[in-house]
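Below, chains carry the letters A, B, ... as their sequence lines are ordered, and counting in each starts from 1.
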Amino acid sequence: MSTSESDLRVRFAPSPTGALHIGGARTALYNWLAARHSGGELVLRIEDTDLERSTPENVGQILDALRWLGLDWDEGPISQVGRAEAHSAALEQLLESGAAYRDSATADDVKAWKAEHGVDRGYRGSPSADGVGAVRLRVPDDGDTVVDDLIRGEVRFPNRSYDDFVIARGDGSVLYNFAVAVDDADMGITEVIRGDDHLSNTPKQLLVFEALGTDPPRYAHVPLLHGPDGKKLSKRHGAASVQELRDAGYLPEAIRNYIALLGWGPGDDETLLSTEDLVSRFRPEDVGKSSAVFDEKKLRWMNGRYMRDMPLDEYRTAVRAFVEAETSGRPLNESRFEFGCEIVQEKAQTLQEVWPLIRFLFEPPVQDEKAWRKVMKADADRVLTEVEAALFEVAASEDGPNADGFTSVAVETALEPLPEKLELGAGKVFQPIRVAITGTTISPGIFESVAALGREETLARIEIARLKLSSD
RNA sequence: GGCCCCGUGGUGUAACGGUUAGCACGCCAGGUUUUCAACCUGGAAGCGCGGGUUCGACUCCCGCCGGGGCUACCA
């Protein structure tokens, strides 16, 4: 828990109606960065007043996603439902003061009223005689409610275009715009950083603050994220939730770096920014105004950069979880795994891509027929015969991955002269080996791959390939 | 429909009343290379449109067009 070095208090307030989306994750990140940058505090509040859609599973999922992303909070999670008493008290206060009233008008009544008064005219009701009905807040007829937004500047909303909006249902349970304002007030939130979709709601919340007699926080509305088709980001756009990104093999730090850049830039040409950099350089007022499109291609590239920069032991730990999922926990040759990670680190862009590249170390190769036809041509048998002879000469004191005597370097020393000796291009010599031992044309470096597989297994697979060759 | 927001290459961003409009991803070509990736070099690609204001506008103003949000007794 950080000691408070500033008065800044922000909150992240997701509604648990599903997984945490990349857009929500970015909002969380911006709040977190703002808090950590200034030494302020971040409160996590769960907006669960929609009992139909808010489930404990969803709450757990969001908390997991935040933790996995490395975003911690100083207070909470606080359930909005758990604050029902505070909400009722505030509601009573407004009913007492006359700032709000009970109105029995139905949706149809409101529609009829508007038909009569004009579409740009907000509904104005009157207290029901019997004191039943939903609770509405009185909205002034004149003037503007002004949102002084950190990102948008001053935005004016004409009061007359807003309905006397419902702040509590007939049964007394409160609605979103009311609960949010009461909670932000009670929690002493000083700055609200949230999605643009709430900009139009802000006047309502401001009106609640005014009725309550409390100073409102400052607002910073960040632009929404869109999918590649320009539409609002949704589950249809592939890996759109944090959970899916995690399953696809992305690293938390890469995601933090990438989504921070969606709508914000450090001001210079830096692209790769550590979380430390982000914390020191991020300011909500520097967030741009236009919506951004989530582009997985760039995330992939960035993730690859982070994967290559990882310390090897950390890399192995991250990869292991993915490999275990692929092999359903079947024990693997540990030294092959360790060496496999080492030789594959330069190649994969996501954790998910690692297994296909090192799979040949643990299982017989699955022959890709296209690769076979492309590589196993006329010279192949002659080449493989030479390769066998050359590898046979390499003395290995034991048979294991990168074993003493049969190291990448030793293998390279043995194979490297072959192209010249056979008067063939390097590809003509090395590709058949690759296909013989891995089944495909794509693998880690050939010398490393051979060393990782070990002498005996390599020779055995080459022999199998030669047999297949003779039967072609 | 009403209220509100946004509009720099395919994507994310930078600059700004006066620059050859920069950087990154992606794309294309070439190089390197044992494949892929990485790496190196080069290239195509942008200020939504129309009016103003100004000596000068991507930048300021207006209109339009396009995209988005809100408009529930949802959040």
Does [N] pair with anything, Watson-Crick or G-U wobble, both distances under 3.5 Å, and if so, with which nucleotide?
{"N": "B:rC23", "result": "B:rG12"}
{"N": "B:rG7", "result": "B:rC65"}
{"N": "B:rA44", "result": "none"}
{"N": "B:rA72", "result": "none"}

Check every strand shown and say whether [X] touches a base, only sugar-phosphate, or nothing at a heavy-atom separation below 4.0 Å.
{"X": "A:Ser15", "value": "sugar-phosphate"}
{"X": "A:Phe157", "value": "sugar-phosphate"}
{"X": "A:Tyr162", "value": "nothing"}
{"X": "A:Thr271", "value": "sugar-phosphate"}
{"X": "A:Ile446", "value": "base"}
{"X": "A:Pro419", "value": "nothing"}
{"X": "A:Asp269", "value": "base"}
{"X": "A:Gly263", "value": "sugar-phosphate"}

Hey, does the side-chain of [X] have a donor or acceptor N/O within less than 3.5 Å of a partner on the base of [N]?
{"X": "A:Lys289", "N": "B:rC6", "answer": "no"}
{"X": "A:Lys298", "N": "B:rA24", "answer": "yes"}
{"X": "A:Ser291", "N": "B:rG68", "answer": "no"}
{"X": "A:Asn201", "N": "B:rA75", "answer": "yes"}

[X]/[Y] ion pair, N-O < 4.0 Å:
{"X": "A:Asp286", "Y": "A:Arg281", "value": "no"}
{"X": "A:Arg461", "Y": "A:Glu457", "value": "yes"}
{"X": "A:Asp149", "Y": "A:Lys289", "value": "no"}
{"X": "A:Arg83", "Y": "A:Asp186", "value": "yes"}

Exercise. Between A:Glu346 and A:Lys204, who's closer to the 5' end of RNA chain B by nearest nucleotide?
Worked result: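 Closer to the 5' end of RNA chain B: A:Glu346.
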Seminar exercise, completed: Ranking B:rG67, B:rU13, B:rU35 by distance to the side chain of A:Arg434, first place goes to B:rU35
Exercise. If you check every side-chain atom of A:Ile442, which of B:rU11, B:rU35, B:rA75 has the closest atom?
Worked result: B:rU35
[N], OP1 or OP2 - any side-chain N/O from [X] closer than 4.0 Å?
{"X": "A:Arg305", "N": "B:rC39", "answer": "yes"}
{"X": "A:Arg169", "N": "B:rC74", "answer": "yes"}
{"X": "A:Thr49", "N": "B:rA75", "answer": "yes"}

Problem set entry | A:Glu253 backbone acceptor or donor facing A:Asn257 side chain under 3.5 Å |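 Checking the backbone N and O of A:Glu253 against the side chain of A:Asn257, no donor-acceptor pair under 3.5 Å is found.
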Exercise. If you take all heavy atoms of A:His87 and A:Phe178, which pair is closest and at what distance?
Worked result: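 So the minimum-distance heavy-atom pair works out to O-CE2, 3.7 Å.
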Output one line per pair: protein atom, nucleotide atom from nucleotides 57-66 of chain B, and distance, for all N/O pairs under 3.5 Å.
none

Exercise. Between A:Tyr250 and A:Glu296, is a side-chain hydrogen bond (donor to acceptor under 3.5 Å, both in side chains) present by the stated rule, with each step listed?
Worked result: CA-CA 10 Å; A:Tyr250 292 104; A:Glu296 198 176 342; 2.7 Å; yes
